[in-house]
Structures are given as structure tokens and as C-alpha cells.
Amino acid sequence: MTITDVQPHLLKAKASKSDPDNPTWSQAMNSADADKWWDAMSTEMQTLEVDLKAWKLVKREPWMKVLPCTWAFRIKRFPDGLVKKFKARFCVRGDCQTEGVDFSDTWSPVIQWSTVRTMMVLSTKLGLRSAQADITAAFVHAELAPDEHIFVHQPAGFQRGHNLVLSLNRSVYGLRQAPRYFFQHLKRHLERHGLQQSSLDPCLFIGKSVIALCYVDDILFYARADSYIDDIIQRLKEDGIMIRKEGSAEGFLGVDVKSLGTPSAPRLLLTQTGLTKRIVEALGLCSTFSSAAATPAETSPLPKDSQGVPATGTFNYAAVVGMLLYLSGHTRPDIAFAVHQCARYTFCPTRRHELALIRIGRYLKGTMDKGLIMSPNDKPCVDCYPDADFAGLYGHEDSQDPHCARSRTGYLITMFDCPVLWKSKLQTEIALSTMEAEYVALSTSCKDLFPIVDLIRELCSAVGLEMAAVANMHIKIHEDNVGALTLASLEPQRMTPRSKHYAIKYHWFREHVHSKRVHLLKIDSRNQLGDLFTKGLPAPAFTHLRSLLMGW
């Protein structure tokens, strides 16, 4: 049975009942801003029907499969929370499409934030010009295949004639295949103008004078001069792409980017103050009686607590976790470990897990205006700080549950002493010793480190950094476990009797050490930045490592 009469909002688990920034049709039409929503819908219809000719009206025939449609409303805001614009989007109900009949491939990539941060560091280092651009009605730019026939009901509020339906000419929002069609369309036009797709990040396009980073319909351009960016935008407009320039890189995807320092010692500050405020509000911590916390997590791990007190449900646990994941993955690596602990229990939280989220909120309340400070140094160097917490949950969860014996991997990768990538996650296999857990973390970090190094070299060559400096760029892995360091550095490369069981999966990186000129170095545990991503730390240790990581 196909469900066609239920709104998509009702199909979402734990959906917010009344989000003022995402109202339903009835909420929008009965609100004080109804006129603004009507203007937004009229603008959308003008763009789709007149400017892009996304469909034509045809008489409905008995053999036609007609998909339902809906309006999606959203108030877009600046990073500080102020209203940017009212947005109305006409969407096809893609949930009513049948795989293999109405569509096949749907996957479409987005830019990795490690690439964005790497480009920001290089831009700050070399004084590159940047510009943000947005494509209006992006998905609708791509045309459907000649043999593809999709019919849709007319949108609410804009019905014209009886027994008429829309026959789509273009990939309207909501279609399952629309993102893929649009990315292929954008890729063709960028390559047509000399920007080649990177083999390391499919959404990175590099040209002789311009670099483009694509996140769906948001594009970030970098060049030596503004004229190069203006030229590529103008050429895309001439191709029929409705693209508009929106200033510099500040405010890209909700991240506020501010330039600090001086021309001789530039710095960047990345913040998400608006999102942080919404998290604090969602947790009910706006009151002056809610005190700030010195650290985001307790020193003891957060267990499953299956027999604990049930969650109170005073806030939407899944929604808060989602916001925290976005925050920790972009500008607040200092909360990455605490957030990942809570994210494990999104579908079965207890009161203990709610209190852990509230603690993160209290920590954010005390550091509301803080963010990631990026101060690139003068040495072309990439550093990696891997760490592991061996069976951290053992003794805190049911000993019969194998998950309690899993160790945690955490690592940080920096470029010019600026963080570009970090992760905190449980290991997939159960390690049998501290050394093995540390070695697995070391090997896992290299899976991200080596592509990052190749990406940095590709970008450095494109922006004109001296090739000698790029070729001689130091790559350092800082490890605080002597056993893991020794095993990784054995010459000639060999397996010991106690390391054979994980040789195939985790020894692979050793052959890359010399070819990529990687230096394995011992680091004092007190300065091991990877500790921030594997365990809850006492306030003094946390503050010390945070100052090294965040710059404050």
C-alpha cells in the first residue's frame, strides 16, 4: 500500500510539533507573517514556472501516475540568529516514488568540511580573495531525460484549471534523483570553463585561476583576484545558471568566519553563535539559575544505562544531538567526544543521557561566543595526533555485552598548526591490549591523514605555494604509546607473534610511512591533543589541551 495522503512531517520520528522556523502550511497561512510567506511562494512559482519553465500543464489521463506535492517553509537566518529571508520551496513527494520504476541512482556528494578548512587556512596564509555564491532553484536547472515522464499535482494556492497536472521538464525539488541530476549538471558547466574535478574530493573543482568548493547550491570561490571570481560567475550566468554572488566566505553554511590579527600574522575565528544559542534554548538553560560547566563531559564514561530512570522528554533528544553534531563537526572540536557519547543513545535515551546533554549545554552556555581560532604558522607541516581509550566502558556496562569492551579512537589532524579534521568513534573490533588499541587508532588516523596530505599538496600547487616547500612538507604523527610507536617503526617491516591477528587490516600504513616521508614521533601524554577525543578529562587537563586546540 502506498501512502499518499499523509504529510511528510507526520512520517518523521519525534518531529518538532511547532518549530517557528519551519512552519506547516496552516501555521504559515495563519501566522502574522502570512503575507511574507505568500510573497515567498509567488517568487518560487515565478522562478519555476516562468523563468525555468520547469513544467507544463497537461490533461490528466487514467494511465498517469501522479505524485503528490507539498510546500516546505523555512526562515533562513544569519549565523547570529537574525532573519535573513523567508523561503518557500515547492516540493514533489519523493517518498511516493518507487525505486527501480521512478528512479535508480540518487547519490550526490557534498564538500567535505576538512577541505573547506584546508582552503581557509591556505587563503589566510596566502591572502587569497574569496566569494560565496548561491544558485537559485538549483535542482530545477537540471533537465529530465527525454524518456523520463513524471507527473505531479498542482501546488496548493496556485491551482489553474480542472483535471490538469504538471508534466515536469526539470528535476524539481523532492524528486529522489534531483540532487544527482543537479550535481552532474553543475559539474559539466564547471568543467566546461576549465575547472577540473579533484580525485580527492568530488566537490572540489580546481582551475588555473579559480578554485570552487560546492555544497549543493552553495559555492565558495577562491582566487588571487576578485576579477577571476567575477569572470567565472558571469560565464555561469551566460550558461543559464541563476547564480548570484553573496559576499566573501563569511557565513558559509551557518559558520561565521571573522578575520583577526594583522596582515603579517593573520588569524581566523570560526563560530556558530546562533546555533549555540538555539541549543541552549532547546535544553531550557536560558535561565540565570543554570550555571556554566567547566568541561563538557564527566571523567567517567557514559554507559548504556538500560535499567536506569527513563528519559523525561522535556526536550527533543534527537534534535539536540543533531544540532550538537553539526556544531562539533564544524567549529567546536572541544565537545566532539562528549557529543559522540550522547549520540550513541539517540533512539533509547534515559535520564542519565539527558543530563549528559544538559552538561554539554551548560558548558556551551559558559563559552557561548567562543569558537575555533586558526592561526597558521610559517612552517609547511601536517601533524596528526592519534589516541585511544582501551575498553573504556568495561566495568560501567553489562559485562556480557561485547560493546562494553570496545575501545575508542580519537585523532586530530592539523595543517600549519590549524585543525582541519578530527574524529571520535568506537573501534569496530575489540582490542586485546592498550598497545593494540593505540595501534588501531594510529592506523585508522592514517586513513584520513594520507588523503588530507595529498589534498593539501594538490591545493598548494593550485594556489601557487612554492613547490619546494610543498615537496618538502613535513608530515608528523605524534604518538604517546611506546609499544604502538615501536611496532609502527620496526625496520625491516615485520609482524611480531602477538600482532599477527591484526596484521592484515592495520599494518597496511607502514609501507606508506617512508614513501610519504612520515615521521613517527613520541609525544608527552600531557600534550597529546588526541586525549580530548577519547575520554572525559579533569578541568585542568581539559583546559590545557583546549588552549592548544582552540586557541583560547
Side-chain angles (χ1 to χ4, degrees), residues 19 21-22 72 74-87 89 108-124 128-139 173 178-179 182-183 186 190 198 201-205 210-222 229 233 241-259 268-279 319-333 335-336 339 364 369-374 418-423 455 459:
D19 184 353
D21 282 3
N22 298 91
R74 181 187 176 194
I75 298 177
K76 303 189 76 171
R77 298 181 180 273
F78 291 102
D80 59 4
L82 295 177
V83 175
K84 185 177 183 179
K85 68 176 180 179
F86 288 77
K87 179 66 178 177
R89 178 78 72 195
S108 178
V110 294
I111 192 73
Q112 301 173 41
W113 258 91
S114 56
T115 304
V116 176
R117 283 187 289 264
T118 299
M119 199 62 231
M120 285 181 174
V121 173
L122 288 175
S123 174
T124 304
L128 300 180
R129 307 298 296 174
S130 66
Q132 211 180 142
D134 178 71
I135 300 176
T136 302
F139 287 2
Y173 281 86
F182 167 70
F183 180 75
L186 179 62
L190 289 174
S198 169
D201 190 326
C203 292
L204 171 65
F205 294 85
V210 179
I211 295 176
L213 291 76
C214 306
Y215 193 102
V216 193
D217 58 350
D218 291 295
I219 306 178
L220 199 54
F221 291 104
Y222 286 96
I229 298 175
I233 290 178
I241 296 178
M242 301 170 63
I243 185 172
R244 66 179 185 275
K245 191 175 178 181
E246 294 188 334
S248 65
E250 298 180 2
F252 185 62
L253 299 178
V255 176
D256 191 17
V257 184
K258 293 182 180 178
S259 296
L268 285 181
L269 172 62
L270 278 60
T271 58
Q272 291 171 280
T273 307
L275 178 59
T276 305
K277 288 180 178 178
R278 289 200 293 276
I279 292 171
V320 173
V321 166
M323 290 188 286
L324 285 170
L325 285 171
Y326 193 80
L327 180 65
S328 65
H330 291 73
T331 62
R332 295 299 297 267
I335 65 171
V339 173
L364 291 175
D369 58 343
K370 300 294 186 181
L372 181 61
I373 298 176
M374 307 178 82
C418 297
V420 294
L421 187 147
W422 53 85
K423 284 188 179 178
L455 175 68
L459 288 174

OG1 of T124 to CE of M374, rounded to nearest 0.5 Å, is 7.5 Å

Sub-3.5 Å donor-acceptor pair from the side chain of S123 to the main-chain atoms of M119, do we have one? no

Do the side chains of F252 and E246 get nearer than 4.5 Å, heavy atoms only? no

Between the main-chain N or O of A138 and the side-chain N or O of Y173, is there a donor-acceptor pair closer than 3.5 Å? yes

Closest non-hydrogen atoms of Q132 and L253, given as atom of the first, atom of the second and distance, are OE1-N, 4.4 Å

Looking only at heavy atoms, which two atoms of T331 and T271 are closest? And how far apart? CG2-N, 4.1 Å

The reported gap from NZ in K277 to CG in L364 (rounded to nearest 0.5 angstrom) is 13.5 Å

Exactly one of V121, L268, I373, L372 should register a side-chain contact (heavy atoms from CB on, under 4.5 Å) with C418. Which one does? V121

Which atom pair, heavy atoms only, marks the closest approach of D201 to Q112? OD2-N, 3.3 Å

Going by side-chain hydrogen bond (donor to acceptor under 3.5 Å, both in side chains), name the residues that satisfy it together with T118, two or more places apart in sequence or in a different chain. none

For L270 and R117 the tightest heavy-atom approach is CD2-CG, 4.5 Å

What's the verdict on side-chain contact (heavy atoms from CB on, under 4.5 Å) for D256 and T273, showing C-alpha distance, side-chain angles and the deciding distance? CA-CA 8 Å; D256 191 17; T273 307; 6.0 Å; no

D134 side, atom CG; R244 side, atom CZ - distance, nearest 0.5 Å: 4.5 Å

Can you see which heavy atom on P109 is nearest to which on P202, and at what distance? CB-CG, 3.7 Å

Acceptor/donor pairs from residues 211-221 side chains to any protein atom, 3.5 angstrom cut, sequence neighbours excluded:
none

Out of curiosity, R332 CZ to I279 CD1, how far, rounded to the nearest 0.5 Å? 9.5 Å

Above 12 or not: heavy atoms from other molecules or residues under 6.0 Å from NZ of K76? yes

For A336 and W422, the nearest pair of non-hydrogen atoms, with its separation, is CB-CD1, 4.3 Å

First locate atom CG of L421, then atom CG of L455, and finally report the distance between them rounded to the nearest 0.5 Å. 10.5 Å

Apply side-chain contact (heavy atoms from CB on, under 4.5 Å) to residues V255 and W113 and explain how you reach the verdict. CA-CA 11 Å; V255 176; W113 258 91; 3.7 Å; yes

Are L327 and V339 side-chain neighbours, meaning at least one heavy-atom pair lies under 4.5 Å? no

If you count the non-hydrogen atoms of other residues, nucleotides and ligands that lie under 6.0 Å from CZ in R89, is the total more than 12? yes

Quick one: does H330's side chain get under 4.5 Å of L275's, heavy atoms only? no

